[in-house]
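For reference, the structure is listed below as structure tokens.
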Amino acid sequence: MTYIHQLLAALLLTSGAAAYAAGNHTHASQPLHGGVVAESNDMDYELVARPDALTLHVRDHGKPVSVQGASARLTLLQGAEKSEVALAPTGEGALQSKGSFQVAAGTKVVALVTLPGKKPANLRFVLK
């Protein structure tokens, strides 16, 4: 084998290994509750926005994460209107706020989520 062939073989091997390793660290960023998904700090966050409730589901590799002691603050941006909403834990893997919310397609949501023992997560969503 010539030097060039060896070099090409080595490049193919390393690029294939890198792609394989990257594949092992990806998350199933599919919505499981009909919302929109964002990822931060190796965790998936799914925002489900309804006119009567905002719910943020937190998952690690597809499994719900304990949200005991967690908090979240959402900033909803729709056109020139801006509103802030605090979410509280509601059970295994979810934070929620109930009320009356203006949630339409195109609404942008910025979330700051604090989970005990983890770095705060800054997330951005666009509602569909």
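On a predicted model such as this, the values are computed, not experimentally measured, just so you know. What's counted below: heavy atoms across the whole structure, side chains too, no hydrogens, waters or symmetry copies. Numbering starts at 1 and runs along the sequence shown.
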(request) Verify, without hydrogens or angle tests, whether E92 (side chain) and V67 (backbone) share a donor-acceptor contact under 3.5 angstrom. (result)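 Side chain of E92 to backbone of V67: no pair is present.
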(request) Evaluate the side chain to side chain contact (heavy atoms under 4.5 Å, CB included) criterion for residues L76 and Q102: first the C-alpha distance (whole Å), next the side-chain angles of each, then the deciding distance (0.1 Å), finally the verdict. (result) CA-CA 9 Å; L76 285 80; Q102 298 292 335; over 6 Å; no
Heavy-atom pair of closest approach, residues [X] and [Y]:
| X | Y | result |
| --- | --- | --- |
| G93 | P64 | CA-CB, 4.1 Å |
| S97 | A86 | CB-O, 3.4 Å |
| A72 | L95 | N-CD2, 4.4 Å |
| F125 | Y45 | CE2-O, 3.5 Å |

(request) Mind jotting down which residue pairs meet the side chain to side chain donor-acceptor pair (under 3.5 Å) criterion with at least one end in residues 115-128? Sequence neighbours excluded, please. (result)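 Every pair satisfying side chain to side chain donor-acceptor pair (under 3.5 Å) with a residue in residues 115-128: there are none.
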(message) Per the side chain to side chain donor-acceptor pair (under 3.5 Å) rule, what does the pair list look like for residues 64-76, sequence neighbours excluded?
(response)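 Only T75-E84 qualify under side chain to side chain donor-acceptor pair (under 3.5 Å).
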Which pairs of donor and acceptor atoms, one on a side chain in residues 47-57, lie under 3.5 Å apart (sequence neighbours left out)?
from: R50; atom 1: NE; to: D52; atom 2: OD1; distance (Å): 3.2
from: T55; atom 1: OG1; to: Q96; atom 2: NE2; distance (Å): 2.6

(request) Among N41, D44, V65, find the residue that satisfies the side chain to side chain contact (heavy atoms under 4.5 Å, CB included) test when tested with D60. (result)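 Only one of N41, D44, V65 forms a side chain to side chain contact (heavy atoms under 4.5 Å, CB included) with D60, namely V65.
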Quiz: residues 106-114 side-chain donor-acceptor pairs under 3.5 angstrom, not counting sequence neighbours:
from: T107; atom 1: OG1; to: A104; atom 2: N; distance (Å): 3.2
from: T107; atom 1: OG1; to: A104; atom 2: O; distance (Å): 2.8

(request) Start with the C-alpha distance between L115 and V58, add both sets of side-chain angles, then the distance that settles side chain to side chain contact (heavy atoms under 4.5 Å, CB included), and finish with yes or no. (result) CA-CA 10 Å; L115 296 168; V58 184; 4.1 Å; yes
(request) Kindly indicate whether the side chain of F101, heavy atoms from C-beta on, has any atom under 4.5 Å from the side chain of V85. (result)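 Yes, their side chains come closer than 4.5 Å.
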